[in-house]
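Quick caveat: nothing in here was measured; it's all calculated off a predicted structure.
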Amino acid sequence: MQWFRTEGGYIAEQSTRPNTLAVAFGDSPAGLAAWIIEKLESWSDGSAFTPDELLTWVTAYWVTGTIGTSFTTYVEPAALPDRIDTPTVLSVFPRDIKPEPRSYAEAFLNVRDYVEHQVGGHFAAWEQPEAYAGDVHRAVKLGGETGLADGF
């Protein structure tokens, strides 16, 4: 509950007023930079991003005009199954915005491997690329062992 009070406002705004945000950020590079950089800095583990990298992220959204489409997952209703039985590798990074305890994840997923990393946050693929890639490789290997990765 504390996390939702201090960090969760973006969910409400992006899911209920995405077009307002899209127009505002599409018209203001400073506003876009403030929105994106705030998330990159507060959801990562320490100084994961250099100033040049922060500007690269902002520039990518600005030049492509895609900030509005990034809100889609918060707006579109998703019909989720009660449980997913596909064998799953779950990577947990300590500074992610909502790290799932294994017991919670196992209620919804067939967790075959639960990897708790010592460092990293929400942008783990950027912050800890080797650890993230290792977990992806482990998941693909698991899929191959269970016959799910045929054709890879």
Side-chain angles (χ1 to χ4, degrees), residues 1-22 24-25 31-51 53-54 56-58 60-61 64 66-152:
M1 209 50 176
Q2 177 65 27
W3 181 87
F4 275 105
R5 279 190 223 120
T6 60
E7 292 288 334
Y10 81 97
I11 294 172
E13 188 68 24
Q14 288 180 180
S15 64
T16 61
R17 300 292 185 266
N19 295 333
T20 303
L21 287 176
F25 297 151
L32 178 68
W35 185 263
I36 292 173
I37 291 171
E38 174 189 67
K39 287 12 170 210
L40 290 171
E41 289 185 339
S42 67
W43 298 349
S44 63
D45 196 0
S47 326
F49 301 94
T50 66
E53 290 169 337
L54 293 170
T56 298
W57 281 66
V58 173
Y61 280 101
T64 60
T66 54
I67 192 66
T69 58
S70 74
F71 304 148
T72 303
T73 57
Y74 296 90
V75 178
E76 299 294 325
L80 300 174
D82 292 333
R83 182 170 170 77
I84 298 173
D85 288 317
T86 304
T88 302
V89 172
L90 188 61
S91 301
V92 178
F93 292 85
R95 295 273 300 151
D96 199 350
I97 56 176
K98 294 184 280 183
E100 298 83 10
R102 183 176 188 140
S103 59
Y104 180 80
E106 286 176 336
F108 304 99
L109 304 168
N110 178 5
V111 177
R112 293 285 185 86
D113 196 2
Y114 183 86
V115 184
E116 290 184 89
H117 295 279
Q118 298 303 307
V119 294
H122 185 66
F123 305 99
W126 187 281
E127 299 173 67
Q128 299 295 320
E130 294 85 13
Y132 185 85
D135 293 348
V136 171
H137 286 286
R138 200 167 15 271
V140 170
K141 183 178 178 188
L142 177 63
E145 292 170 1
T146 61
L148 296 174
D150 294 338
F152 274 65

A.B. asks: I'd like to check Phe25 versus Ile36 (side-chain heavy atoms, cut-off strictly below 4.5 Å). Are they in contact?
C.D. replies: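 Result no, sub-4.5 Å side-chain heavy-atom pair not found.
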A.B. asks: What's the separation between atom CG in Asn19 and atom CZ in Phe71, rounded to the nearest 0.5 Å?
C.D. replies: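 Answer rounded to 0.5 Å: 9.5 Å.
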A.B. asks: How close do Ser44 and Phe49 get, heavy atom to heavy atom, and via which atoms?
C.D. replies: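 Ser44 and Phe49 have their closest heavy atoms at CB-CE1, 3.8 Å.
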A.B. asks: Please check if the side chain of Thr50 supplies one atom and the backbone of Glu53 the other of a donor-acceptor pair under 3.5 Å.
C.D. replies: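 Indeed, once roles are kept as given, a pair shorter than 3.5 Å links the two residues.
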A.B. asks: So which atom in Asp82 and which in Phe108 form the shortest heavy-atom distance, rounded to 0.1 Å?
C.D. replies: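 Closest approach of Asp82 to Phe108, heavy atoms only: O-CD2, 3.6 Å.
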A.B. asks: To the nearest 0.5 angstrom, please state how far the CD1 atom of Ile97 sits from the NZ atom of Lys39.
C.D. replies: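 One finds 10.0 Å between CD1 of Ile97 and NZ of Lys39.
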A.B. asks: Below 4.5 Å, heavy atoms only, C-beta onward: do Gln14 and Thr73 meet side chain to side chain?
C.D. replies: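 A side-chain contact is absent here, since even the closest heavy-atom pair is not under 4.5 Å.
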A.B. asks: For the backbone of Leu109 and the side chain of Arg83, can you confirm whether one donor and one acceptor N or O come within less than 3.5 Å of each other?
C.D. replies: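 Here the side-chain-to-backbone pair exists.
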A.B. asks: Please examine the side chains of Ile67 and Leu21, heavy atoms only from C-beta on, and report whether any two atoms are closer than 4.5 Å.
C.D. replies: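 No. Closest side-chain heavy atoms not under 4.5 Å.
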A.B. asks: Identify the heavy atoms of Pro87 and Leu142 that sit nearest to each other, and give their distance.
C.D. replies: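 Smallest heavy-atom distance, with atoms named: CB-CD2, 3.7 Å.
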A.B. asks: Compile the donor-acceptor pairs under 3.5 Å between side chains in residues 126-134 and protein atoms, sequence neighbours left out, one pair per line.
C.D. replies:
from   : atom 1 : to     : atom 2 : distance (Å)
Glu127 : OE1    : Asp45  : N      : 2.8
Glu127 : OE1    : Gly121 : N      : 3.2
Glu127 : OE2    : Gly121 : N      : 3.2
Glu127 : OE2    : Phe123 : N      : 3.1

A.B. asks: Might you point out which heavy atoms bring Ala105 and Leu90 nearest each other, and give the distance in Å?
C.D. replies: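 Nearest heavy atoms, Ala105 then Leu90: CB-CD2, 3.4 Å.
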A.B. asks: I need the Ser15 OG to Glu76 CD distance, nearest 0.5 Å.
C.D. replies: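 It comes to 12.0 Å.
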A.B. asks: Is a donor on one side and an acceptor on the other found under 3.5 Å between the side chain of Arg112 and the backbone of Val89?
C.D. replies: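 The answer is no, because no donor-acceptor pair under 3.5 Å joins these two groups.
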A.B. asks: Kindly give the heavy-atom pair with the smallest separation between Phe93 and Val119, and that separation in Å.
C.D. replies: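 Closest pair (atom of Phe93, atom of Val119, distance): CD2-O, 3.2 Å.
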A.B. asks: Once rounded to the nearest 0.5 Å, what's the spacing between atom CD of Glu13 and atom CD1 of Ile11?
C.D. replies: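 Going from CD on Glu13 over to CD1 on Ile11, the span is 12.0 Å.
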A.B. asks: Which heavy atom of Asn110 sits nearest to which heavy atom of Asp85, and what is that distance?
C.D. replies: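 Shortest heavy-atom contact: ND2-O, 3.0 Å.
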A.B. asks: Looking at OH of Tyr114 and CD of Glu106, how far apart are the two atoms once the value is rounded to the nearest 0.5 Å?
C.D. replies: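 That separation rounds to 9.0 Å.
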A.B. asks: With a 6.0 Å cut-off (strictly less than), is the heavy-atom count around CZ of Arg102, excluding the residue itself, greater than 12?
C.D. replies: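 Atom CZ in Arg102 is packed in, count exceeds 12.
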A.B. asks: Using ring pair (Phe, Tyr, Trp, His ring centres under 6.0 Å), reason through Trp35 and Tyr61 one step at a time and then give a plain yes or no.
C.D. replies: CA-CA 11 Å; Trp35 185 263; Tyr61 280 101; over 10 Å; no
